[in-house]
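Inspection log for the structure reproduced underneath, given as structure tokens.
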Amino acid sequence: MSKETIPFACADISALAKSLRSQLQTCEAFPSHVEMLNILAKANGYSNYQHLKADVDAKPTPAVVPVLDVAVPRKLQPFMSADYVLHSWPVKYSLQKLSLWFFACRFQYQQRYSEREVNEIISRYEDFGDFARIRRELCNQKLLGRTTDGRDYWRTNATPPDELKLLADYWPS
């Protein structure tokens with residue numbers, strides 16, 4: 001059974017915080033998972049979690065792709081365009097490692113990908129035709145994890161270099 005993702009957004013974080021605080025103060029014990037879902041839903045104007053879920057199911061949510069606002073490092077500019085497409089594989093190992101972060105950020109945390117899906121994502125951001133090399137290097141550098149049979153891939157919690165810290169939380173929808 002796959003986990004269903006329910007988006008949650010609020011118009012006013014201050015009002016949300018006040019509502020959460022007042023609801024949590026009325027709890028006699030630490031709230032359970034279900035109680036916490038209801039508290040969050042109520043804080044955002046719903047009668048309970050089921051009301052929130054029904055509202056989300058009733059209307060399709062538009063895909064929101066966060067804007068990647070990280071400049072291509074000067075060292076990578078000969079190899080990568082401003083739209084983060086890698087045109088050639090750098091020879092220097094340090095530049096290879098740096099360029100891999102622009103691929104790793106294209107994968108969501110806590111999501112499994114098939115090899116085909118990984119190849120498709122990588123292919124969108126490289127135009128020299130060697131997506132397999134990049135996929136292998138992402139695994140070798142432990143930016144992507146994979147099962148021993150190579151069927152499933154996932155993004156790991158690796159820490160990016162300082163100049164690319166903003167990439168750590170980026171992912172497409």
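Worth saying up front: this structure is predicted, and the values here are computed from it rather than measured.
Separation of atoms CG (Leu100) and SG (Cys139) is listed at 10.5 Å; rounding is to 0.5 Å. If you take CG on Leu24 and CE on Met36, they are separated by 5.0 Å, rounding to the nearest 0.5 Å. How far CD1 of Ile39 is from OH of Tyr49: 14.5 Å, rounded to the nearest 0.5 Å. From Leu52, atom CG reaches atom CG of Leu40 across 9.0 Å, with rounding to the nearest 0.5 Å. With rounding to the nearest 0.5 Å, the separation of CG in Leu37 from NZ in Lys42 is 12.0 Å. Atom CZ of residue Arg116 and atom CZ of residue Arg151 lie 14.5 Å apart, to the nearest 0.5 angstrom.
Side-chain N or O atoms of Tyr113 include one that pairs as donor or acceptor with a backbone N or O of Gln108 at under 3.5 Å. Side chain of Ser99 to main chain of Gln96: a donor-acceptor pair is present (N/O by atom type, distance under 3.5 Å, no hydrogens or angles). Between the side chain of Thr156 and the backbone N or O of Gly145 there is no donor-acceptor pair closer than 3.5 Å. Here the side chain of Glu126 pairs no donor or acceptor atom with the backbone of Ser123 at under 3.5 angstrom. A donor-acceptor contact shorter than 3.5 Å is absent between the side chain of Asn48 and the backbone of Asn38.
Taking the ring centre of Tyr153 as origin, the terminal cationic atom of Arg112 falls outside the region bounded by 6.0 Å and 45° from the ring axis. Annotation: cation-pi pair Arg155/Phe107 absent, no NZ/CZ under 6.0 Å from the ring centroid and within 45° of its normal.
Taking the six-membered ring where tryptophan is involved, the planes of Tyr84 and Phe102 are essentially parallel, since the angle between them stays under 30° and well short of 60°.
Between Met80 and His87, every side-chain heavy-atom pair lies at or beyond the 4.5 Å cut-off. No side-chain heavy atom of Trp154 sits under 4.5 Å from any side-chain heavy atom of Leu144. Annotation: side chain of Pro90 is not in contact with side chain of Leu98 (no heavy-atom distance under 4.5 Å). Looking at Gln23 and Ser19, their side chains come closer than 4.5 Å, going by heavy atoms from C-beta outward.
One finds a salt bridge joining Arg135 and Glu115 here, because a Lys/Arg side-chain nitrogen approaches an Asp/Glu carboxylate oxygen to under 4.0 Å. The pair Arg133-Glu137 does not count as a salt bridge, with every side-chain nitrogen at least 4.0 angstrom from each carboxylate oxygen.
If you chain together hydrophobic residues whose side chains sit under 4.5 Å apart, Ile122 and Phe128 fall into the same group. Under a hydrophobic-cluster definition in which Ile, Leu, Val, Met, Phe, Trp and Tyr are linked whenever side-chain heavy atoms come within less than 4.5 Å, directly or via other members, Leu164 and Val72 are assigned to the same cluster. Note on Tyr125 and Leu95: same hydrophobic cluster, where clusters join Ile, Leu, Val, Met, Phe, Trp and Tyr whose side-chain heavy atoms are under 4.5 Å apart, directly or indirectly. One hydrophobic cluster, built from ILVMFWY side chains closer than 4.5 Å, holds both Phe131 and Ile121. A single hydrophobic cluster is seen to contain both Trp89 and Leu143, as judged by linkage of ILVMFWY side chains at heavy-atom distances under 4.5 Å, directly or through other members.
In terms of heavy atoms, Pro161 sits closest to Trp101 at CD-NE1, 3.2 Å. Nearest heavy atoms, Leu138 versus Phe103: CD1-CB, 4.0 Å.
Applying the 6.0 Å contact sphere to CD of Gln25 captures more than 12 heavy atoms from other residues, nucleotides or ligands.
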